[in-house]
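Report on the structure given below.
This one's a predicted model, so the numbers in the text were calculated from it and none came from an experiment. Every chain is numbered from 1 and lettered A, B, ... according to where its sequence line falls, protein lines coming before strand lines.
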Amino acid sequence: MPKLNKILLAEDEPDIRAICTLSLESLGGFEVRTCENGQGVLDCIDEFHPDLVVLDVMMPGLDGPNTLARLQQNTATKDTPVVFLTARNQPADIEWLRRLGALDVLPKPFDPVTLPGAMQEIWNRHVAA
Amino acid sequence: MTISPFSMKKDGKRSPRLLPQVLLRVLPVAVLVLCAAWYMTHRSVYSSVQTELVEKLDREAEFGAATIAARLNTLLASMRAVADNDLVINSLVDSVSRDAYIPTFMQSLTLPGPTGAKVTFTDYRGRLIASNFEDISQSDYFLSAGAVDGFYMRLDDTGATFAVPVLYGGRQEGAIVVRYNQLHVQQLLTVSAGTDVSAVLQGERVLQSSNWTIALPTEHSDGSGVEDRVLRDAYVPGYTSLRFIVAEPIAKAFATVDRIERMMLIAIAVALLALVLGIVLTAYLTTKPLFAFSEDIKAIGAAGDLGHRIGSSGFAEFDRLSGTFNAMLERMQTVLVSHDRLDQENQARKKAERELRRSERRYRDVIEGSTRGIFICSGDAILFANQGLAAMFGFGSPEDLQDGARVHDLFEPDVCDTLQELLGSEQDTTSSREIHVASDDGSGTWYEITFRAIAWQGREAVQCSVTDISARKEVEQLKNEFVSIVSHELRTPLTSVTGSLGLIQSGALGDLPDKVEPLIKIAHSNTQRLVALVNDILDVEKIEAGHMDFHLEPVDATEIGTRALAENVFYGAKFGVTFELQPEVTEAYISADADRLLQVLANLLSNAAKFSPEGGRVVLKLTEHDGAVRFSVIDEGSGIPAAKLDTIFEKFKQADSSDSRAKAGTGLGLAICQSIAEHHGSKVQVSSEEGKGSVFYFDLEQVAAPARDGATSDPRAAPAVAV
């Protein structure tokens, strides 16, 4: 059973980025790399090879859904699981994001203390499936 | 209005008057009849009077004739007696002695009849033998000697001579001759008859007459008969040369008759007069009511007063006429009254119609002047459209729309579907929808259409009101953006703050100085509360604006209960409270938006946990209740004062503001729960007893189990991660 180790996070808000990194690294013990937007994800994914990509939905430049679409177009990355982080937590929005092919959707604001656990749980469900 | 029931013919020819007409017809007939009656009576009376007169005269004539005959017979009998006397006969034989006694005898001789008669005794040759008078005419003696049949009588102007023979030995030897003069003859022949005139005639010669001044025309001489008198005669029996005639003047005989006839004529005249008077009276009596009638009718005609009634004239016939006329008036009045009523109704209706038209014009002005597009359609046909609609769709006038356009030209097919659905619906059924009509420049326009089923000119139709809501949509867009910005811009820094504080507080970054730790804890819990507050405010905003979507679908009540407990169990742990699920229903499905329902349950469970004493127990109980599933959250907390039960569902209200734990809530939770419950057709209710705890419950109708697709029942969809 593959373990969740490397997480690539795209988040335009530097504070959130820092907190997430801190939370996932300190509490979850994952290896985390962050970038400002979707373009950053595309730039480093081939080199970083993350187990899981976490995308903010609304980002300047390449946003979450478009990044997901680009990842899916690439055969190398199309199987990489993606989790969305979004402040638009209306059920319709969540449903829409799931349909795009996201593994799951985590609403903002999230609790950094429980975030590593939530990630792990999502990963475990993914692997089990 | 005036009604003239009678109009005179104006052809210049006047009808004749009644009275002269009647007189002209009746009078000649009456005169004719009366004259005829008079004539018949006259004839009959005359003839009977004449007959009677003739009979009377006949009787008188016979009587007179008999009387004369009797006298003559008596005279002759006396003369015979003288002739048969012995002395007389002896004197013939004895001529000597005769001179001695015969003259004396003759002197003393008396005969019946008038005195003074000359009696002479002659021999057979008519020679005088003796006489009581000296101057006796010889001729008479002679003549008398020739008396045949023993009797001779001669009447002439000078008098009358009678002779009888003296017989001796059967042979006439002499004769007794009696001679009367004219006066004597008169005496002898005069018979007092009860008639006007009586006369004795020999042949045509009048011997004696009671009135010599009157000529006596005889029946025989003149065939014409009586002219001024009636004359009858009778032959004297035994002396057929003599006739006794009686006559009576007609005037006298008919005097009574004439009187009667005069009276009759007077009576006739009186009758005629009476007849005329009668006719005049009748005409008067007939025409008087007729004139009155005519005046009445004229008055009615002039005044138009059909209520007037013609009074009684006192005659049954006219009363019948006036009765008939009154009945006609009655009928006309009835007709007129109904006509008037119709007229009034007509006017009232016209007034009402004018009112209606005015009101219609007002409404039409309002409707046509409205900037809203209003139209009425039946099926695909547009029956009415206003200027607003025409302007919206670029038509010059509503008429262009009514003539040319169909509903499907203007709107999308789903609008037509809605119209069709409403067409058969009960009146005033309404519906509305928002549609977007793209325009050439790409901007497009948003319309809100309100549909209402109505009856239009007797047929089913749908009234549609189209409002351009582009501006509102724009505002909504702005508001959405605002909400989005608030969600994002406010939450993001909050996430950072609360995340940082959480991380610090968790000790993952190293131990905190003793004095810092409680402050971090305070900061962390308050930022968490701030996050919750922002979330609740956004929820309330969405619900109130109607922008919270509800996806109602059949869900398993027990599954919802299980999830609610699982997702909130940590919350109980936080307050040292045990959550317990008591599902008393199985396979019970309800129509609900699972996420929203879980939100409600999370709220109620967290409330219950908050207000329960540590070590307390909170029970989520699912029971069946009148075909619905009742969700009850039962706690063992302090309970809610009765006075506050009414207000706890209002925003920013809590039962006890002094409760320190209440500060952990936003005061919006129950308001949100109630709104969500209402969107499920339910209502959150509470029963509470102070000191013993509270029960919050709501009922959701059971529905049939769904065909499972599993997509929405994924527990991961729960938003309850946000804590």
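In terms of heavy-atom pairs under 4.5 angstrom with chain B, the leader among A:Asp15, A:Ile122, A:Thr86, A:Leu115 is A:Asp15.
The local environment of NZ in B:Lys521 is sparse, with at most 12 non-hydrogen atoms from other residues, nucleotides or ligands closer than 6.0 Å. Counting heavy-atom neighbours within 6.0 Å of A:Glu36 CD, excluding the residue itself, gives a total of 12 or less. Annotation: A:Arg33, atom CZ; neighbour count of heavy atoms from other residues, nucleotides and ligands within 6.0 Å is above 12. By the 6.0 Å contact criterion, CD on B:Glu474 is open, its count of non-hydrogen atoms from other residues, nucleotides or ligands being 12 or less.
For the pair B:Leu503 and A:Ser26, the minimum side-chain heavy-atom distance is 4.5 Å or more.
Residue A:Val113 comes nearest to B:Ser506 through the heavy atom pair CG2-CB, 4.1 Å, listed as atom of the first residue, atom of the second, then distance. Across every non-hydrogen atom of B:Gly499 and A:Pro112, the tightest pair is CA-CG, 2.7 Å.
Separating the OG atom in B:Ser500 from the CD1 atom in A:Ile16 is a distance of 8.0 Å, to the nearest 0.5 Å.
A:Ser23 touches chain B through backbone and side chain together, each having a heavy atom under 4.5 Å away.
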